[in-house]
Amino acid sequence: MDETPDDKASMVRLLFNDIAEGYDKANSLMSLGRDRRWRELVARRCALPPGGSALDICCGTGELCLSLAHSDSSIKVTGLDFSGEMLSLAREKIAAADLSHRISLVEADATHLPFADASFDASTVGWGLRNVPDLDATLKEMARVTKAGGKVISIDMGHPRFPPIAWAYWTISRSFVPAVGRAVAGNEPAYRYLHESAKAFIDQRELARRFALTGLQKVTIKNFLGGAVALVEGTKAG
Ligand SMILES: C[S@@+](CC[C@H](N)C(=O)[O-])C[C@H]1O[C@@H](n2cnc3c(N)ncnc32)[C@H](O)[C@@H]1O
């Protein structure tokens, strides 16, 4: 039987509730310690105005919310996720960083954002789009809640284009990602899903095309690690 969007959403929510505890450590290992720098770059690319606001969907444990808040002390950030466990870790980290007055968290589904049109100066998503049941609906929602001229940015695993790099990358990550899951989270199947979902997800060129189909303009791609990670950004039409 085919998987319905509701099946996928329930499976993904359970999975992230399950692996929340070891998530940050595993992430840092799998990205070879580079994930923080990528999130900082996303925050800079948002080019938020002083006193501006950003929405980070699929915010998980709040790392990108923190990078956005650290990028300028006048910025307000809203993080949104549907995993209560991921959000509760985010809440602890935000309180420990004394940023609860500038970062608020919302438990909701990324495909139906509970915000009015043009509520934010930018919208971001980190390693989230391949998990949502309806990519185009989610992009449409990100564009809808972003103000004219604001950025919509995704950073996620990509598909290396150069065949020898692609072969090495998929071969290594097929064993490495589940091994990290086993060692850090004691949950190899969940991390096997993360590897498989990255491989099954559209590549960064197709993602950029979907950004453009949503109506976003000036769509660009920036690749890291030979395209294993890719930042795709677009601008909401004025
Ligand atoms: C791989 S984690 C990424 C977390 C974070 N953005 C980061 O940079 O580390 C994916 C997150 O997306 C959330 N998520 C997946 N589908 C979602 C949906 N439909 N609505 C809201 N959150 C969702 C999961 O709960 C999980 O916290």
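Both ligands and their constituent atoms are indexed starting at 1 by order of listing. Just so it is clear, the model here is predicted, and its values are computed rather than measured.
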In the protein, what heavy atom is nearest to [atom], and what distance, to one decimal place, separates them?
atom	value
atom 20 (N) of ligand 1	Ala110 N, 2.9 Å
atom 16 (N) of ligand 1	Phe82 CZ, 3.3 Å
atom 1 (C) of ligand 1	Trp127 O, 3.1 Å
atom 13 (C) of ligand 1	Asp81 OD2, 3.2 Å
atom 2 (S) of ligand 1	Tyr23 OH, 3.4 Å
atom 12 (O) of ligand 1	Cys58 CB, 3.2 Å

Name the option, out of Met157, Glu63, Arg39, His112, that contains the heavy atom nearest to atom 9 (O) of ligand 1.
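Among Met157, Glu63, Arg39, His112, the closest heavy atom to atom 9 (O) of ligand 1 belongs to Arg39.
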Just to be sure I'm reading this right: ignoring hydrogens, which of Leu89, Asp109, Leu87 gets closest to atom 19 (N) of ligand 1? Compare them by their nearest heavy atoms.
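Nearest option to atom 19 (N) of ligand 1, by heavy atoms: Asp109.
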Below 4.0 Å from any atom of ligand 1, is there a heavy atom belonging to [X]?
X	result
Cys59	yes
Ala108	yes
Thr111	no

Shortest non-hydrogen contact from [X] toward [Y]:
X	Y	result
Thr138	Ala110	CG2-O, 3.8 Å
Ala20	Glu85	CB-CB, 3.7 Å
Glu107	Phe82	OE2-O, 4.0 Å
Leu68	Cys46	CD2-SG, 3.9 Å

Would you please classify the geometry between the Trp38 ring and the Phe224 ring as parallel, tilted or perpendicular, with 30° and 60° separating the classes?
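Aromatic pair Phe224/Trp38 classed tilted.
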When Ile, Leu, Val, Met, Phe, Trp and Tyr are grouped by side-chain heavy atoms lying under 4.5 Å apart, directly or through other members, which residues fall in the same group as Ile165?
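Members alongside Ile165: Phe162.
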Give me the other members of the hydrophobic cluster that Val145 sits in, counting Ile, Leu, Val, Met, Phe, Trp and Tyr linked by side-chain heavy atoms under 4.5 Å, directly or via other members.
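Its cluster partners, ordered by chain and number, are Leu55, Ile57, Leu80, Val106, Leu113, Phe115, Phe120, Val125, Leu129, Leu135, Leu139, Met142, Val152, Phe201, Ile202, Leu207, Phe211, Leu216, Val219, Ile221, Val232.
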Please say whether Leu80 places an N or O atom under 3.5 Å from an N or O atom belonging to ligand 1.
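In fact, backbone or side chain, Leu80 has no N or O that close.
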Does the distance from a Lys or Arg side-chain N to an Asp or Glu carboxylate O, for Lys199 and Glu196, drop under 4.0 Å?
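Glu196 and Lys199: not salt-bridged.
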Suppose I only count heavy atoms of [X] and a 4.0 Å limit; which atoms of ligand 1 are within that range?
X	result
Val12	15 (C), 16 (N)
Asn27	9 (O)
Asn131	10 (C), 15 (C), 16 (N)

Location of contacts on Leu194 toward ligand 1, heavy atoms closer than 4.0 Å:
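Neither; no heavy atom under 4.0 Å.
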Among side-chain atoms of Thr61 and Lys93, is any donor-acceptor pair under 3.5 angstrom?
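Judged by distance alone, the side chains do pair up.
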Do the side-chain N and O atoms of Ser83 and Arg13 include a donor-acceptor pair separated by under 3.5 angstrom?
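Arg13 and Ser83 do not have a side-chain donor-acceptor pair below 3.5 Å.
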